[in-house]
Structure formats: C-alpha cells, structure tokens
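Down below is the structure, laid out as structure tokens.
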Amino acid sequence: MQDFLKRLEHHHDELRWLYMELYGNDSMFAELCDKMKTFYLERNAELKSRDKERERKPDWYKQNDLLGMMFYIDNFAGTIKGVESRLDYIEECRVNYLHLMPFLDTPEGRSDGGYAVSDFRKVQERLGSMEDLDQLTKACHKRGINVCMDFVMNHTSEDHEWARKARQGDGEYMSRYFFFNNAEEPAEYEKTVPQVFPTTAPGNFTWVAELGHYVMTSFYPYQWDLNYRNSRVFNEMIYNFLFLANRGIDIIRIDAVPYIWKELHTKCRNLPQVHTIVRMMRMISEIVCPGILLLGEVVMEPEKVVPYFGTTEKPECHMLYNVTTMATTWHTVATRDIRLLKRQLDIVNSLPKDYVFLNYLRCHDDIGWGLDYESLSSEGIGEVSHKQYLNDYFQGYAGQSNSRGELYNADPVTGDARFCGTTASMCGVEKAGFEQDQTAMERALRLDIMLHAYMFMQSGIPVLYSGDEIGQVNDYSYKNNPAKAADSRYIHRGAMNWKLAQRRKEKDTVEGAVFQGLHQLEEIRQSEKAFVSTADTWTIDTGDASVLCIGRYYEGEKIIGLFNFSEFDKTAWLKEEGEYMELISEKKMKAVNVTIPAYGFYYLKEISVQK
C-alpha cells in the first residue's frame, strides 16, 4: 500500500488540477481516487512485482530486444487458449511483444473488426473468457513476452449497456453521448468536422428513429461517440482501463486518440483537452500500474504526432505509430525513388531519442496515401494523379508492378481510395506463385526481406503482421462471407495457414526463405547494440535515387544499412572510411562505392574501431 500512496502523493496535485480544470467536480475526483486504490489492491502480486522492476528500469522498452507481432486471435489460433498453445511458435519467431487485436465483446456483423465494443469487461464468447486472458498473460510473462491490447475509448457499440439505456430515453445515459433533437446543431458540426469514411459511412451523425434524435458517430453508424465532457464517462472508462490493466496487459493501445474530445466549430481532432485526458491516463497508470505502457494511435506525420509524447516533465504516450513513414515506404517501392522517404527519416531522426515509434510494413488496416504532397509537388508530382498511380501500381495495373491487392473505401467522385494487401502480395509473391515464375519469385522474396531489413534499421520497435513471417499472401475467401464481403480489408486479415507454416524450416520454400531471412535479421538486431532506440541515427547520401542508406551509432559501434528499392543492380556512391563486416554474409567490405543487387541490402558494421 505504501507504493500506491507514494505514487499518488507524487501525482496528486497535478492530477487534481487537470481534473478540476476539465470537470470542476470534487466528488467525482474523490471517487476516482478511491477507485484507483481499489484497483491497486486488486492487482495481483506478480503484476505488482513487474511494476516495481519496470520502475527501476524505466527505459526497458527502448532497447534492441523488443520485436512485436499483431494478429486477430481467431485468425491466428481460434481462441485465447489456442494462442497459449502457440507460444512456442511465437518464441521461435523471436517475438516478445504480442498485440492481440480487439477481442472484447462486439455485436456480430456490426463490429468494425472488433472496434465497436459492447462490453469492456467481457471477451467475445467464441474467443474465450477473461479467465483465459488472465492465464494467457501469465503464461506470456513467464516466457518474457509482453501483451498488448486495444482500448477503444472514443466510442462504444450501439449495443453497449449505456447506448441501450440512452436509446430508451434515459437522460443520464444520453448525456454520455452526443445527442441532438434537431438537425441544425449536427449541421453546424458538419461544416468543420472531416468525414472518416466518406463513401462507406458518410457524415458524422446518425438518426435514431425510436428516440427522435441524432447521435454523433464519427466512424460507423453503430459506433456512438462518447462525450468526455461528462466526468462520469471519463471515470467509468478509466475504471475499464484499470480493469484491463489488471488482467496482465503490458501495453494498452489507445485507439483513435485525437478524436476523444469534441467541440462545435472545430475539426474535433487534436484539441487541447485530448492531451489533458491522455496526461491524466498516464498519471493514473503510473499510480496504479506503472509497469504498463501507453501506445497512441495517432495517424499523422511524425513531426505532428510529437505532442502526444508530451514533455519530459509531463509525459503522455510512451510510444506512437510511425504511420506516415509506412505509407511513404510503399510509395518508394512504387516509384523506386527514396528522396521523400529520406526526408521523412531525417525528420524522425531529428526528434528527441526519448520518443519511441512503432515501425511496421503492414497491419490490420488499409494503407492511406497521406504523403507529403507539398514536397512531392516540388518534383512535379500532383496529389490526385499520384494517389491514382499508387493504387493502380499496387493493384498491378501500372509501373511494371508485380503487386496484387484491392482498393478500400474508393470514392468514384474524387478518385480517392485506400489500399489493402499483405506484404508478400504487394512484393509480388502472389503473382509469381500464380504464374509459377521462379525468377520472379526470387525477386519478390528479395524485396520482401529487404523491406523488413530496412524496417529493422529504423529507430524504434519493429512490429510484424502475423503471416508476414512466412510470406502469406492475400486471402480472397472473405468475399464468400456476407458479413465481410463489403470490407476489402479482410483480404489481408486471412487465417494463419499453419500447414504452410510447417514449411518454415525448408529454405527452398517461400515460407522458409522469408522465415529464415527474418530470423537472421532478428538475431542481428537483438545482438548488435547499435539497434537500441536511443542510438544516433541518420541518413547518408548515396548518389542514386533508388538506394537508401541509414547509419546507426551507439557506444563506439557503427552500422550502415544500404537498401536498393530498384529491380536493377545499383551502386551507392559512398565514401565512408574504415573497414566493415557485412553482417548477413560475414564478409569484409569497404563502404566505398558499394554495388547492391536488385532489391538487395547490406548491413555493414564498422570493425576498424573495434577493440
């Protein structure tokens, strides 16, 4: 109890000041503090011990030993117990950060992939129970595996208990959402608030006929936006947050962070009160469960997401996604031109080393082409035409592409669209396999592994999307399921093919080539200290627009990564002094005018300075 009281005393004044600034409600703040104490007392001894260890080593997640993997429980192993039975495989992948995609209770057919939560304290019955989750996190912790889950705090399902009571006209629960009995106020919001899904879910409000009111629904009509101007909403959601933390969750991904505060005549995005709420969440977690990390889902350029890290004195999120760099990576694949990517990496590398980004090639979601079009315009590239080119390229229609995939949320009026597909299919593995073209397959596999090698070289934590470790391609079977057929994102949400995964040790198979290639990269990253998040990182000019060069330096050790985004052999016109060891082949090389094979890469470690 002394630990709790000490932490509460440390944060109390700031927490109370922020709470009162937002809500001005003493009794609700007192209730919050009492509940925090309750959740601390309910937290088991093993988790409290884990908390203390991480308080002693607050930078534990900034080292070079974390590798993430994300998956849907049903796709990966059927149930939570099934995931537990696959922990040997996860360890074989060298994964020690497991992101379980949304698994809380959601209505069938109106779940948005699990992001329409109807009960924050119940697991979907087909996946298991809270007791199963407790057992899984405990088993993971014994193996040194951290567990991440999504906390969907911007909205609830229309089937949530609060929404059901609000639909019945209960004013207490209507006040937990944004209800309007007229069309004028929603129309005022619409003047300034962008639409998230203009084609599949146009507008930001939904008419609730039986109530005779409009309700705010930023995402889909069945996802009702919560009103965080109501202190009861904040308190209750924090109690759900702490309940889930006590299940042994190590990393809580806050979904759609920028949206959680709404104000008329604004975009209802990134408002100052959002940062107040996230800061309070950070302090509350540090009081009750300081071993956990907050991961913010903020889809903006790296320099614009920086405020969500907070400050050194008043931190907010521990980690954020590097979304724009991911999209720009695929732009680079389609254009064979690294210039925009290099500029963005330079921006990320200039940020404080305390800022930790999660880097990835693919995830559960689509790819939106939110690139830096201001920079591209200086090269004569227009936004509309370039988005069209990228979507055509990755569908396999332009630019001598070998990619396969489908559009998502395509707007026939503006021509705007997002793209869906697995890493392997976007690299050409699907096409080469269908055509039984061995030469094309070798090229596709080189591109796939090179992109992962480049991702590992970025500052931060690399995260794999389940199936990418064995080169799994698009799954078109979703079209046969009426509940999924309208959502092309399911093309890359296919079930894990365990039959193919059995071939991961056979190097002459697609699965073996990718699995063993990534395994070698993972071993290098975890053994070379220059890969820690706090290392100095920079880009180096190569004299060729298709070749990216990244340098990393930490405590006397230097590694240079060279990545060829072209299907042709290229030369990097470097003048780096010293002798180097190429870490994949273990051959000595000079970092001077290096020729890199098509879609190839090198990890060059300087050895002349080694003692």
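Positions are given from 1, in the same order as the sequence printed here. Note: hydrogens, waters and symmetry copies are ignored here, and every other heavy atom, side chains too, is used.
A donor-acceptor pair is defined here as one N or O able to donate and one able to accept, closer than 3.5 Å; such a pair exists between the side chain of His141 and the backbone of Gly248. Of the possible polar contacts, one joining the Ser527 side chain to the Ile524 backbone as a donor-acceptor pair under 3.5 Å is found. A donor-acceptor pair under 3.5 Å is absent between the side-chain atoms of Ser425 and the main chain of Gly421, judged by distance alone. Counting only distance, with no hydrogens or angles, the side chain of Asp475 and the backbone of Ser477 share a donor-acceptor pair below 3.5 Å. Between the Asn64 side chain and the Glu528 main chain, a donor and an acceptor come within less than 3.5 Å of each other. No donor-acceptor pair closer than 3.5 Å links the side chain of Asn322 to the backbone N or O of Phe357. With Thr537 contributing its side chain and Ala535 its backbone, the two residues share a donor-acceptor pair below 3.5 Å. In this structure, Asp59 contributes its side chain and Lys62 its backbone to no donor-acceptor pair below 3.5 Å. A donor-acceptor contact shorter than 3.5 Å links the side chain of Gln472 to the backbone of Asn497. One N or O on the side chain of Arg525 and one on the backbone of Leu66 form a donor-acceptor pair closer than 3.5 Å.
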Check step by step if side chain to side chain donor-acceptor pair (under 3.5 Å) holds for Ser533 and Ser459. CA-CA 5 Å; Ser533 289; Ser459 283; over 6 Å; no
Going through the checks in order, is the side chain to side chain donor-acceptor pair (under 3.5 Å) test met by Glu582 and Ser585? CA-CA 6 Å; Glu582 205 288 304; Ser585 63; 3.0 Å; yes
Side chain to side chain contact (heavy atoms under 4.5 Å, CB included), that's the test. Do Thr595 and Lys570 meet it? Break it down for me. CA-CA 6 Å; Thr595 299; Lys570 293 286 184 175; over 6 Å; no
Run Leu136 and Leu100 through side chain to side chain contact (heavy atoms under 4.5 Å, CB included) and show every step you take. CA-CA 11 Å; Leu136 173 62; Leu100 307 176; 3.9 Å; yes
Take Glu606 and Ile559 through the test side chain to side chain contact (heavy atoms under 4.5 Å, CB included) and record every step on the way to the result. CA-CA 6 Å; Glu606 189 174 22; Ile559 293 177; over 6 Å; no
Show the numbers, then the answer: is there a side chain to side chain contact (heavy atoms under 4.5 Å, CB included) between His99 and Met69? CA-CA 6 Å; His99 181 177; Met69 177 182 283; over 6 Å; no
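Using a 4.5 Å cut-off on side-chain heavy atoms (C-beta onward), Asp536 and Tyr554 make no contact. In this structure, the side chains of Ile249 and Ile292 stay at 4.5 Å or more apart for every pair of heavy atoms. Taking 4.5 Å as the limit, some side-chain heavy atom of Cys93 sits within range of a side-chain heavy atom of Phe515. Here the side chains of Arg54 and Tyr61 are not in contact, with every heavy-atom distance at 4.5 Å or above. No side-chain heavy atom of Ile367 sits under 4.5 Å from any side-chain heavy atom of Leu390. Two residues are said to be in side-chain contact when any heavy atoms from C-beta on lie closer than 4.5 Å; Ile449 and Phe601 meet this criterion. Under the 4.5 Å side-chain criterion, counting only non-hydrogen atoms from C-beta, Ile560 is not in contact with Ile550. Contact of the Leu358 side chain with the Leu295 side chain is registered, since non-hydrogen atoms from C-beta on lie closer than 4.5 Å.
Judged by distance alone, the side chains of Tyr478 and Arg489 never bring a donor and an acceptor atom under 3.5 Å apart. In this structure, a donor-acceptor pair under 3.5 Å is absent between the side chains of Asp544 and Thr542. Checking Asp468 against Thr423 by side-chain atom types alone, a donor-acceptor pair falls below 3.5 Å. Residues Tyr115 and Asp150 have side chains that bring a donor and an acceptor to within less than 3.5 angstrom of each other. For the 3.5 Å distance criterion, the side chains of Asn146 and Arg50 qualify, holding a donor opposite an acceptor. For the residue pair Asp541/Trp573, the side-chain donor-acceptor check at 3.5 Å is not satisfied. No side-chain donor-acceptor contact under 3.5 Å links Tyr360 and Gln458. Looking at Ser49 and Glu46, their side chains never bring a donor and an acceptor atom within 3.5 Å of each other. Using modelled atom types, one finds no donor on one side chain facing an acceptor on the other under 3.5 Å when comparing Asn593 with Thr571. At a cut-off of 3.5 Å, with distance as the only test, a side-chain donor of Arg43 or Asn246 sits close to an acceptor on the other residue.
For the pair Arg552 and Trp538, the cation does not sit on the ring face, since its NZ or CZ is not both under 6.0 Å from the ring centre and inside 45° of the axis. In this structure, Arg493 forms a cation-pi arrangement with Tyr490, its terminal cationic atom sitting closer than 6.0 Å to the ring centre and no more than 45° off the ring axis.
The distance between the ring centers of Phe563 and Phe565 does not fall below 6.0 angstrom. The aromatic ring centres of Phe531 and Tyr603 sit less than 6.0 Å apart.
Scanning both residues, Cys427 and Trp330, for their nearest heavy atoms gives SG-CH2, 4.1 Å. Nearest approach of Val463 to Met70, heavy atoms of both residues: CG1-CE, 3.7 Å. Considering every non-hydrogen atom in both Pro462 and Leu67, the closest pair reads O-CD1, 3.5 Å. The minimum heavy-atom distance linking Gly405 with Gln395 is given by the pair O-CG, 3.9 Å. When every heavy atom of Trp369 is checked against every heavy atom of Ala327, the shortest pair comes out as CZ3-O, 3.6 Å.
Residue Lys138 places its NZ atom among 12 or fewer non-hydrogen atoms of other residues, nucleotides or ligands, all under 6.0 Å distant. Residue-environment remark: NZ (Lys353) exceeds the threshold of 12 foreign heavy atoms within 6.0 Å.
Applying salt bridge (charged side-chain N to carboxylate O under 4.0 Å, His left out) to Glu511 and the options Lys505, Arg504, Arg503 leaves one that passes, Arg503. Considering His492, Glu406, Arg404, Glu430 as possible partners of Asn474, the one that fulfils the side-chain hydrogen bond (donor to acceptor under 3.5 Å, both in side chains) test is Glu430.
With values rounded to the nearest 0.5 angstrom, Thr332 atom OG1 is found 4.0 Å from Leu341 atom CG. Atom CD of residue Glu92 and atom CD of residue Glu469 lie 10.0 Å apart, to the nearest 0.5 angstrom.
For residues 443-463, no residue pair satisfies the salt bridge (charged side-chain N to carboxylate O under 4.0 Å, His left out) rule, not counting sequence neighbours.
Between Tyr89 and Phe76, the ring-plane angle classifies as tilted under the 30° and 60° cut-offs.
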